[in-house]
Amino acid sequence: MLDRKFIRKAPDTVREGIKKKGVEFDIDGFLELDDRMRSLIHEVEKLKHERNVSSEKISACKKEKKNCDDLLAAMKKTSNRIKEIDVEVKDIGERLDELELDIPNMPHETVPYGTCPDHNVHVKHWGEVEDLPFEPEPHWDIGEKLGILDMGGGSRLSGRGFVVLRGAGALLSRALVSFMLDLHIEQGYEELSVPYMVSRDCMIGTGQLPKLEEDMYFCEKDDLFLIPTAEVPVTNLLRETIIDAGELPIKYTSFTPCFRREAGSYGQETKGLIRVHQFDKVEMVKFVRPEDSYEELESLLGDATVVLEKLQIPYRVIELCSMDLSFAAAKCYDIETYAPGVQRWLEVSSCSNFEDFQSRRANIRFRREKCGKPELLHTLNGSGLALPRVIATILELNQTPTGKVRIPEVLVPYMGGREYLEA
RNA sequence: GGAGAGGUGGCCGAGCGGCUGAAGGCAUCCGCCUGCUAAGCGGUUGUGGGGAUAAAACUCCACCGAGGGUUCGAAUCCCUCCCUCUCCGCCA
């Protein structure tokens, strides 16, 4: 959410930011409504002041046992008028609050302007992407042949877009999770284990709702959403709190499954492990001072890319252009790995700075000094990393002509000493 | 799921229809005092919003779990919901 005072003061800036993100929103209508509400507030507060003053008079009168019927009658009138205006203020206020949730975050000034993924900027490459000396197979074939990936099992249980890992495949997944968490803990993150179902307020707090409701799994009976990413519970853990500046930055890491309906996805996009409705992910979330957040974004990106470097997986980092940015993000880097079997770059992480967009929604603040005013802090998060695509990359990148798959060295201890996946 | 108890400021805790943004204590910060430490004395310290301002000062309004209601007036009375604790039941 944006600062309402900022919208009032700089509507042109907001209009421009919204346009850069490719979002439609009627700022003028919003401001008109806001103006109307403020003039009503002005009026009703004057009346309330009147009420407070005459309430005192009545009280004094009663004490002296004097008759004050005319005062009471006048107060009744004022009171009724107050009630009327209050209802209108509340109504307009609710409409404004609702509208406000649809205003996206502004892209940071360093974000390249662009209207489609082609305008994203490659900012870094690491490792050599070499052609394999044989025809590489896609991960779903490799996985099925090794008996570690059971696509049919997943769809039999839950339909299209669900997978079953078995044996060494399940172990590989678990090994990756442990490896990543251990690494992030070393990097200074505190590990959290959090609920996988959260309230509507949490989903609004981090900006998934109201925009993306169609993409979320929802348990109607309990009014709970299955989390689409650990970002939601972990960021909201500090909702409605005020943190001492000395505690910042706060860094959390958490492993959770993620649930996404992926409405509208189709074809190649959804084959194998590339886009599934339920996947595992290790996430990093940071709460930082506003002045540090861009530096913290770079270090977050570093914390994520180290994972790939240790796994010896080549990657590239892409800075998203304005229209490719998510609703809540001010700036975002995607990390992609090359999967030779499907001959595609796969997004395995998104590292974003939300500035105070989420913290304003979730009311997460900090205090610079003991008696200072609370200020909104900045939130960031990044995957470190999303499991299925990393597994797909490992299978395709480390495949051998004989069908075996080499396990990255750092994972071997987590795999009980095993160095290859083989049938 | 059933029965009871309770939710008041940074914390503890009073208030149960008007002068209570809220006693008292603890804590905070500032000053004074005392060789040091401890204590003592005086003062200070909530959040959100509107107006005002270059920014403040200032001023007004709201806020005692949340939302409604009664009333001229609600922390206080009534209703609904949420949360916490205790006991019972049920279940991994």
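Remember, predicted model here, so these are calculated numbers, not experimental data. Note on naming: letters A, B, ... go to the chains in the order of the sequence lines (proteins, then strands), and numbering restarts at 1 for each one.
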A:Ile41 CD1 to B:C63 P, in whole Å, measures 14 Å
Roughly how many Å is it from NE2 in A:His42 to P in B:A62, rounded to a whole number?
15 Å
Using the P atoms only, state how far B:G50 lies from B:U44, rounded to an integer number of Å.
28 Å
Measure from CZ on A:Arg38 to P on B:G48 and round the result to the nearest Å.
18 Å
What is the nucleic acid contact for A:Lys90, judged by heavy atoms within less than 4.0 Å: base, sugar-phosphate only, or nothing?
sugar-phosphate
Can you confirm whether more than 12 heavy atoms, excluding those of A:Glu291, are under 6.0 Å from its CD atom?
yes
Ring centroid separation A:Phe218 to A:Phe225 under 6.0 Å:
yes
Between atom CD1 in A:Ile58 and atom P in B:G17, what is the gap in whole Å?
19 Å
Decide side-chain hydrogen bond (donor to acceptor under 3.5 Å, both in side chains) for A:Glu283 and A:Tyr252; before the verdict, give the C-alpha distance in whole Å, the side-chain angles of both, and the deciding distance to 0.1 Å.
CA-CA 8 Å; A:Glu283 184 78 1; A:Tyr252 292 135; over 6 Å; no
Tell me if the aromatic rings of A:Phe357 and A:Phe327 count as close, with their centers under 6.0 Å from one another.
yes
Using only side-chain N and O atoms of A:Lys373, determine if any of them is under 4.0 Å from OP1 or OP2 of B:G48.
yes
With P as the reference atom in both, quote the distance from B:A62 to B:G21 in angstrom, rounded to an integer.
10 Å
OP1 or OP2 of B:C82 less than 4.0 angstrom from a side-chain nitrogen or oxygen of A:Arg200, does that happen here?
no
For atom P, what is the distance between B:C64 and B:A75, given to the nearest Å?
6 Å
Scan A:Lys77 against the nucleic acid and name what it touches under 4.0 Å (heavy atoms): base, sugar-phosphate only, or nothing.
nothing
Ring center gap for A:His378 and A:Phe287 short of 6.0 angstrom
no
For A:Arg4, which contact category applies under a 4.0 Å heavy-atom criterion: base, sugar-phosphate, or nothing?
nothing
Any A:Ser79 side-chain N or O less than 4.0 Å from OP1/OP2 of B:G73
yes
Checking contacts here: which listed nucleotide (B:U71, B:A62, B:C60) is nearest the side-chain heavy atoms of A:Lys83?
B:U71
B:C72 OP1/OP2 closer than 4.0 Å to side-chain N/O of A:Arg51:
no
Nearest-neighbour nucleotide for the A:Pro374 side chain, B:U47, B:C61, B:G73 considered
B:U47
Just to be sure I understand the rule, does A:Arg81 reach a base, reach only the sugar-phosphate, or reach nothing, if contact means heavy atoms closer than 4.0 Å?
nothing
To the nearest Å, give me how far apart NZ (A:Lys62) and P (B:C72) are.
9 Å
Span that lies between the P atom of B:G15 and that of B:G4, in whole angstrom:
24 Å
Would the base of B:G18 count as contacting A:Glu56 through its side chain, where contact means a donor and an acceptor less than 3.5 Å apart?
no
How long is the line joining CZ of A:Arg367 and P of B:G10, in whole Å?
8 Å
OP1 or OP2 of B:C61 under 4.0 Å from side-chain N/O of A:Asn52:
yes
